[in-house]
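Heads up, the thing below is written out as structure tokens.
If you read the sequence from its start, that first residue is 1, and numbering goes on from there. Keep in mind that this is a model prediction, so the values were computed, not measured.
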Amino acid sequence: MRAVLKELRTGTGPWPAAARRAVRVTLAAGIGFYAFLYGLDRPLEATYALFAAVALAGLSRIPGSGHLRARMVARVLPAACALVVLGTYLSVRTWAAVAGMLVIGFCVAFSSAAGPRPGGAAPGLQLLYILPSFPPYAPDTLGQRLTGTVVGILLLIVAEATVLPDPAVPGYRDLAASAAAEAARCAEVLELPPHTLPAAEVARAGERAQALRPSHVDEAQRPAGPGVRERALAHTGLAARTLLARLRSLPPPESGSPAGAPGGPDLVRAVRESAAGTAGLLGAGTPPATDSTGLRNLQVSLARTPVTGPGPGYRNAALVELADAALVLRGAAGIAVGGRAGAVDAAGPGAGPVAGPADRFWYAGEGPVRLWWYRLAGNSGPRSVHFQNAVRIGVALAVARAVAGVDSLPHGFWAMLAVLSLTRTNAEQTRATVRLALIGTLVGAVAAGGVLALAGEASTVYAIVLPPLMLFAFCVGPVRGVGWAQAMFTLVVAMAFAQLAPVTWELAEVRFLDVLVGSAIGVVCGLLAWPRGAHDELGRAVAELLHAAADDVQAATAAFGRPRAVQPDQRVRHALALAESAYAQYQSERPHPAAAAGEDWQAAMMTGHHVLWGGRRPPGAPPGPREEAVVREYGAWVAAGLRRAAAAADPVHPAGPTDPGPAGPAPGRAGPEGAPPVFYTAMAWLDALTVDLALLDRGAAAGAGGGPAVSGRA
């Protein structure tokens with residue numbers, strides 16, 4: 001028994017985590033339900049207290065520890081009360097209830113665009129709007145409904161925050177701090193001859209970089225929100241991955257020149273100091289001992305230092321890139337830790353606030369309302385998977401409410417609950433889920449009918465059975481799947497309603513009928529609204545991303561050696577955000593039968609990041625006409641390859657034999673003697689994109705199936 005309790009408190013597997021959550025929701029729902037029903041003789045408040053706790057802990061899937069969920073539930077408490085009010089007043093007329101279900105159902109589901117935690121709370125909020133939308137239509141009882149709702153949610157907040165705390169797990173900020181510390185260690189090694197990293201250091205740096213990939217991070221820890229700190233933390237992770245990749249691929253100096261270009265050793269040392277300071281800032285919140293002014297000055301100086309020959313030129317360009325990644329890492333980390341108060345230029349505190357939408361830290365100068373607007377507006381079109389899912393759920397709930405209102409479906413609440421809990425993001429998954437759910441509901445209905453027939457009106461039996469049944473249901477359901485969840489929830493609902501009013505075994509029959517109706521509505525809506533889920537949308541998003549990347553490469557190489565008045569990468573950023581959200585959903589879906597085996601989506605995402613990084617470089621010494629010609633020819637070749645890859649990814653307009661693409665090998669990389677450093681910087685960037693093109697082509701040819709593809713550059 002002691003070992004079981006220890007595993008319950010400290011275990012990190014699915015069963016201990018589910019058991020801890022089951023204990024919390026059972027305590028919150030049970031205390032509110034029994035206190036109102038038997039202590040105060042308030043059955044209406046008891047109903048709302050029970051379903052409020054179940055909605056936001058049992059039906060919702062808010063990721064993270066109990067403390068994180070408690071904070072999220074506290075934030076949505078006002079929204080929960082508002083939904084109960086709207087549901088109470090709109091339910092009086094069927095047309096108003098249906099219209100409200102369509103609009104509010106869409107809006108609540110669309111909140112998933114704000115990140116995994118708001119998205120996880122959305123089903124529970126939907127339930128709190130659905131619950132008062134059915135008889136009895138009694139607006140005069142609104143105060144009692146709100147009382148039960150508030151008490152149930154407050155009990156849940158206390159339970160989540162205090163009962164069986166979850167074991168601590170490293171957050172994304174901790175992972176970024178570890179990556180920055182590893183970057184400092186790598187830079188320290190590179191300061192000494194032979195100025196290369198041993199294989200063990202390369203492997204460890206790669207592990208730290210991979211740990212920051214969103215697909216390798218727990219959903220609760222991903223910085224996916226629209227706020228300043230969340231955006232900055234995501235930017236910090238990307239910058240840390242980039243810095244580690246730059247350190248791993250830094251070419252050694254040529255023989256006879258141990259330090260490489262003038263200023264090279266000083267720059268590597270400054271990168272080490274900057275990375276170490278950033279690690280302390282992210283880990284312990286300790287302000288760095290020095291600002292980034294020295295590193296910035298070294299970068300600018302090195303970018304303008306004449307070089308002779310391609311070897312020193314590419315080494316010089318790599319050092320400039322290395323400094324750039326370290327500067328961005330410091331700036332993003334400052335904002336992630338200090339918010340807008342930390343929004344200073346990467347050059348240091350004396351440089352003034354970050355300003356201008358074209359800046360890398362554009363989000364630091366925007367207010368929270370505008371940042372939320374950018375996120376929601378960017379996902380408001382039919383090409384966003386968040387928009388598609390919200391439309392699917394909103395329409396299905398409205399149809400279910402119309403059927404329940406017009407046909408007077410008994411306990412139509414359960415039909416809508418079935419729509420909410422069983423509709424998936426593609427038709428294939430919805431069908432599979434419905435099949436298991438109907439089997440589970442049938443088994444649960446038979447068991448509930450037997451208990452109701454045997455116990456009759458003996459409410460004491462139901463009062464004794466409900467708590468352990470809830471504990472078992474909320475522990476087993478999340479782990480064993482939808483069939484078990486539906487079977488156990490059918491029993492829980494039957495035992496709860498049997499204490500509120502006299503019932504017969506026919507209640508179980510009605511429950512199965514409602515789930516059948518709701519499942520049918522969910523299947524039909526899934527077939528009509530984007531039935532292939534994220535697959536087609538991911539192909540379109542990747543195609544748009546690669547088209548935007550091609551245009552940006554051409555714009556950057558056309559302005560080679562000269563600063564651009566406005567950085568035209570907004571289109572790339574927007575396309576990358578849509579592609580990444582579609583990719584995240586695609587990973588959670590079953591592969592579609594028509595999915596091509598060679599789709600390497602991860603390589604496309606990395607290409608987008610490479611384009612964003614490479615398009616922003618210090619101008620340095622102006623190039624000559626021969627250097628411009630070489631860079632523009634190479635840039636046109638890379639842009640053509642990106643467009644061909646975009647055509648191959650597009651599910652609507654796939655690539656054809658006459659589509660533009662890179663013809664033959666890449667253009668010559670050799671520049672004229674005495675080419676300025678900016679020439680080698682541009683060529684190194686285009687080389688990285690050429691590697692990306694090879695990865696995209698190789699994945700399609702070999703049938704890589706969308707696995708991770710990392711080029712060694714981030």
Checklist outcome for this item: Output for pair (Arg573 CZ, Tyr363 OH), nearest 0.5 Å, gives 10.0 Å
Checklist entry - Does a side-chain heavy-atom distance below 4.5 Å link Met683 with Val630? => result yes
Next on the checklist: Can you confirm whether the side chains of Thr236 and Tyr172 place a donor and an acceptor under 3.5 Å from each other?
Outcome noted: no
Next on the checklist: Is the shortest side-chain heavy-atom distance between Asp324 and Arg246 below 4.5 Å?
Outcome noted: no
Checklist entry - Does the distance from a Lys or Arg side-chain N to an Asp or Glu carboxylate O, for Asp551 and Arg643, drop under 4.0 Å? => result yes
Next on the checklist: Between Asp687 and Tyr314, do the side chains contain a donor N or O and an acceptor N or O under 3.5 Å apart?
Outcome noted: no
Checklist entry - Any side-chain heavy atom of Val328 sitting closer than 4.5 Å to one from His235? => result yes
Checklist entry - Where the side chain of Ser274 meets the backbone of Ala270, is there a donor-acceptor pair that is under 3.5 Å apart? => result no
Checklist entry - Do the charged groups of Arg204 and Glu201 touch, with an N to O distance under 4.0 Å? => result yes
Next on the checklist: Under 4.0 Å between a side-chain nitrogen and a carboxylate oxygen: does that hold for Arg69 and Asp166?
Outcome noted: yes
Next on the checklist: Could you check whether any side-chain heavy atom of Phe361 comes within less than 4.5 Å of a side-chain heavy atom of Arg231, counting everything from C-beta outward?
Outcome noted: no
Next on the checklist: Looking at Arg272 and Glu188, is there a salt bridge between them, counting it only when a charged N and a carboxylate O are closer than 4.0 Å?
Outcome noted: no
Next on the checklist: Quick check: do Leu281 and Thr286 have side-chain heavy atoms less than 4.5 Å from each other?
Outcome noted: no
Next on the checklist: If we count only N and O atoms by modelled type, under 3.5 Å, do the side chains of Arg632 and Thr557 hold a donor and an acceptor together?
Outcome noted: no
Next on the checklist: Quick one, Arg229 and Ile335 - any side-chain contact, counting heavy atoms below 4.5 Å?
Outcome noted: no
